[in-house]
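Working notes, structure below.
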Amino acid sequence: MPDHAQLRRATAWMSGTAVEEGDAARVSVALPDSSGHFPPEPDIADGACGPGSTALEPGRLYRRISGRDDRARPVRDEELAELGDPMAVTFFRAGRFPTTVQELLSELPATAAASRKVYLVSEAGQISPGALGERDMRFAMTTAVEGNQVDLLVSTQAGGDPERGFLQVAGWDSAAKVFNFYARFESSWVWAGNSWHSLEPDSRGKGCFDSHVNGSAVMKELRIPWLNWQSERATIRLAEDDPLRQDQLFQQVIGAERLELTVRFLVTRWTAARLAAVTANGVVDHPDRLLRHLFTNTTVNLTSTDRQSSTITADSGELTLPSGFWLNQDLLFDDLRLFTQAAPPRAPAAAYLAGLTRFGFGLEEKFSGFSQPGDTFFAFVVPEAAHEDNEVVRQMVRKGLISARFAACALMVDFPNPVFSPARSLLMRYVPTTPTKAAELGEEVTRAILDAARTRNLPADSPEARFAAHWQVPEDAWPSVFGQRVDAYLRKVTQRVQTASGFDDYVRLAESRRRQFRRMKLHEFELTMPVTNIPPGAPPLAMREDGTVTELT
Amino acid sequence: MATLDAYGPPGNLDDLDDFGRKAWNKFISDTVDEAIQGPDPRQVLNDSPRPQFYNLTGTDTASDVQRVSITWTSFPRIIKITSVGDLQRWQRADASRDVQDEYCEWSVTRDGSGKITRVTFTCEGPEYWEVLAHTNPDKVVDLYRAFISPDVRKEDLFSPSGRYQPRNKWNDSTSHGAMHLIQANNTLGAEIELAAAATIRRVVNGQELSTEQELVNCSKYGAAERNSDPHIGAGVNALARQRADISLADPVGLYFDDLSTDGWETPDGSDPRSYWTYVRGDSEHRVRAVYEVPQDKGFAVGDITIGGRPIEFGAQIADFITIRLTGLACRFDGSTAQPQTACKEFPAVDVRPEGFGASAFSTSGRFLDPRPTLSYRSSRAT
């Protein structure tokens, strides 16, 4: 019988998307965020990056890359020699196989102990300790073993039997410039692949790469208020007599605001290594693997207001809704530097409260039977454009693979929908899938889109025609022209959000995006998102540039 | 542990002479005592006294003492959540000391091309400088000359009548130096008052409040919008809920906790952290820091990148700085203090003009409250 953690984790795999993609994976190496749990029983791991049906010998490193390996097999000597991360070097090459996190940490060099940071996360962490039996507390740890920068990430359950709880590691190999992902099964370890495997079609999205979608570290709730994490904005609730209080790791927990800085760096480092490698000979073999970060959402982050939902009253003042709900602020304003005078739209607290009632907001976990009315701890959680995607775009622009103008023209095609935009995704069809000179990548895609807009008699509001219109804006004018459009959009949104109907529309839009998130494998815990009385089959919605919300056609 | 003989100066700084040290001890000790007493219950309801807060010079610290550090990000959260994008928030935070309200302020030095060459950060409360100015004004001038500019003149810092001006031409901007905190809420008095007020447990409608925002909204000991106030309050209150007696560790002050340099890169591959230097305070209590690259390195702060982006604003560095205060808790499970069963309230009062006396102004000149018993205490409540 799977344990509660597995059941909670398993909810992700019941989604239609997961089934459609034929991914039988049910477990994940997920570091260092609020991600999954490896079950202790091999049968549950079947089909994932766990051992499969293989019986594992204690004290051994196996390999199982989901989508590539049917079952775990011992890592060969030459494979082990190529694993250059601190976990492989310190432990596996030396024939050491720690069975608990305490053992793992104690056997690292003293310098690693000095740099260690410990974080705590739980989707149930703000629910009253007595209201829910098991709360899935996890520690995430970072440490620098070989230098000054973080190169080892550990995720494990907080409290309980350390020999039975999941224990997962991502190690940065500074020579190969990749993360290696590992998980412990009883007294054995499984290497689940490296960062590059996340990008290969056979293993992409499978096993540990369901959450490490692009091969890097993951922290879904990356931005203030770091929903679900212990941070300077919220302390995870524990019963006064919770034995976790006596846990040495718990006593070292610091705020997730620090982890945000580390994860951003880790994503940047891997992205830089990745782009350097794929452009090394001047030819990009798989341009689509790069440009999907611009035109689609390979993954998302979660954002919210940083107001505790239960403390909001009608006279609380206005609620600043997360900017990532309205647009991709990081790329548009910070990287592409659109000129803006905008301020974040604010909603009346009374409208928010009315919405909670009207739409029947609640938290529910079906398998445990837990439910409570109201929103998530921090109000108005929604998916936003992922830092991982943005970082690839940012670095492609810096390296000259694409121009800032090109990126801006693409994003402006449907900028009010920073996530799940069919219009923007449609432009992927113009991205070559065969080797292309790096220096000509942006031009080639631009030419293909412009040709389509010109020759296929497409309507003026088609993504191609919109891109073509943007391309007509002079080189020295697009930051101000696009900035004015974005400002005008935000002004309209600011007006509409003040009205009851406008706010309700935005609640529906938020729920529509949450439904799409729930279909992603990244959705691991039911308590991550609120439920509403909006039917699950309601049509997907999109934002328009005039601030109105429409059904996606 | 015995009682403390006297509160030491922030960072154990040695600027004060004997008289100054006595004055400083008196200031902290009195402020702690006033914070223990709390506001007049006829004027403020449910906020006094604070029996779980104690004065280290008057009450002993028991052997079960725990030191608890509370840290927070120095970048002002209010600016963060009211901006769209990093560029906008960095520009706004670098524009005025008045928005740098997380007990950390900074000043940016640029070269002729606008590139950043140095950023100076301070977390020194203004009260220390008031005491120093009263007891040893020449030392104040010397320190300004050493840390801000040799061009500082005494008359730049003191009024014709000899009163120290905390906001002076060398300490009122984000470009001409930052000697100590001047933002209206960045005071040690505010820190002490906040910590004391947060020791009050609140059981409202049968439910004990415990979250950052519940507590700050109910106890009104600061601004819910800041990183620091709710976090400090929740950290202190968590100790209070363990029925401990609580105080601020000596030397009472606000200190730099850490600078993270994750994702920072220098042009020559050198360690970006090596250019972060603490220049005031002892090794455990840093109150002033400078980020600057030595000239012989051949590059400047503005050539260092964070996440691939050059440092164009001091605020980019502030994102990576944490500030700390340290509390002491002891006699766990020993306190018999009863929780308040309602939130802090201000009953309607008839405020008359005569109530607006000199004592209605804080040492930094900021009006706080017309009621005299409240006005002399610093407060971060807005």
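Reminder, nothing fancy here: chain letters follow the sequence lines and each chain counts from 1.
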Looking at [options], which makes the most heavy-atom pairs under 4.5 Å with chain B?
{"options": "D306(A), T311(A), T268(A)", "result": "D306(A)"}
{"options": "R346(A), E391(A), R398(A), Q395(A)", "result": "R398(A)"}
{"options": "T340(A), I224(A), V267(A)", "result": "I224(A)"}
{"options": "Q126(A), R264(A), E260(A), R337(A)", "result": "R337(A)"}

Separation of [Y] [atom2] from [X] [atom1] (nearest 0.5 Å):
{"X": "K80(B)", "Y": "R223(A)", "atom1": "NZ", "atom2": "CZ", "answer": "8.5 Å"}
{"X": "L321(A)", "Y": "I81(B)", "atom1": "CG", "atom2": "CD1", "answer": "11.5 Å"}
{"X": "E240(A)", "Y": "D333(B)", "atom1": "CD", "atom2": "CG", "answer": "9.0 Å"}
{"X": "D258(B)", "Y": "R258(A)", "atom1": "CG", "atom2": "CZ", "answer": "6.0 Å"}
{"X": "N148(A)", "Y": "D271(B)", "atom1": "CG", "atom2": "CG", "answer": "5.0 Å"}
{"X": "D335(A)", "Y": "R309(B)", "atom1": "CG", "atom2": "CZ", "answer": "5.0 Å"}

Atom group of [X] that falls short of 4.5 Å from chain A, counting heavy atoms:
{"X": "T261(B)", "result": "backbone"}
{"X": "Q242(B)", "result": "side chain"}
{"X": "A238(B)", "result": "neither"}
{"X": "W90(B)", "result": "neither"}

request  = Check the side chains of T235(A) and E212(B) for a donor-acceptor pair under 3.5 angstrom, ignoring hydrogens and angles.
outcome  = yes
ask   = Taking atom types as modelled, is there a side-chain donor on E257(A) or T73(B) under 3.5 Å from an acceptor on the other?
value = no
Where do [X] and [Y] come nearest, in terms of heavy atoms and distance?
{"X": "S323(A)", "Y": "S83(B)", "answer": "OG-O, 4.1 Å"}
{"X": "H231(B)", "Y": "S231(A)", "answer": "CE1-O, 4.0 Å"}
{"X": "F265(A)", "Y": "D262(B)", "answer": "CB-C, 3.7 Å"}
{"X": "V84(B)", "Y": "A342(A)", "answer": "CG2-O, 3.4 Å"}

Less than 4.5 Å to any heavy atom of chain B: does that hold for the side chain of [X], its backbone, both, or neither?
{"X": "T305(A)", "answer": "neither"}
{"X": "T262(A)", "answer": "both"}
{"X": "R307(A)", "answer": "both"}
{"X": "L327(A)", "answer": "neither"}

Does [Y] offer a backbone N or O that forms a donor-acceptor pair with the side chain of [X] under 3.5 Å?
{"X": "D86(B)", "Y": "D334(A)", "value": "no"}
{"X": "R394(A)", "Y": "G307(B)", "value": "no"}
{"X": "E214(B)", "Y": "S310(A)", "value": "no"}

Exceeds 12 heavy-atom contacts within 6.0 angstrom, atom [atom1] of [X]:
{"X": "Q251(A)", "atom1": "CD", "result": "yes"}
{"X": "D268(B)", "atom1": "CG", "result": "yes"}
{"X": "E208(B)", "atom1": "CD", "result": "yes"}

query = For the candidates T71(B), T82(B), I70(B), T322(B), which exhibits the highest count of non-hydrogen atom pairs separated by less than 4.5 Å from chain A?
reply = T82(B)
inquiry  = Quick check on the interface: out of L87(B), I306(B), I232(B), who has the most heavy-atom pairs with chain A under 4.5 Å?
reply    = L87(B)
ask   = With P230(B), which of Q308(A), E232(A), R233(A) fulfils side-chain contact (heavy atoms from CB on, under 4.5 Å)?
value = R233(A)
message = I want to check something: taking the side chain as every heavy atom from C-beta on, are F378(A) and Q213(B) in contact at a cut-off of under 4.5 Å?
response = yes
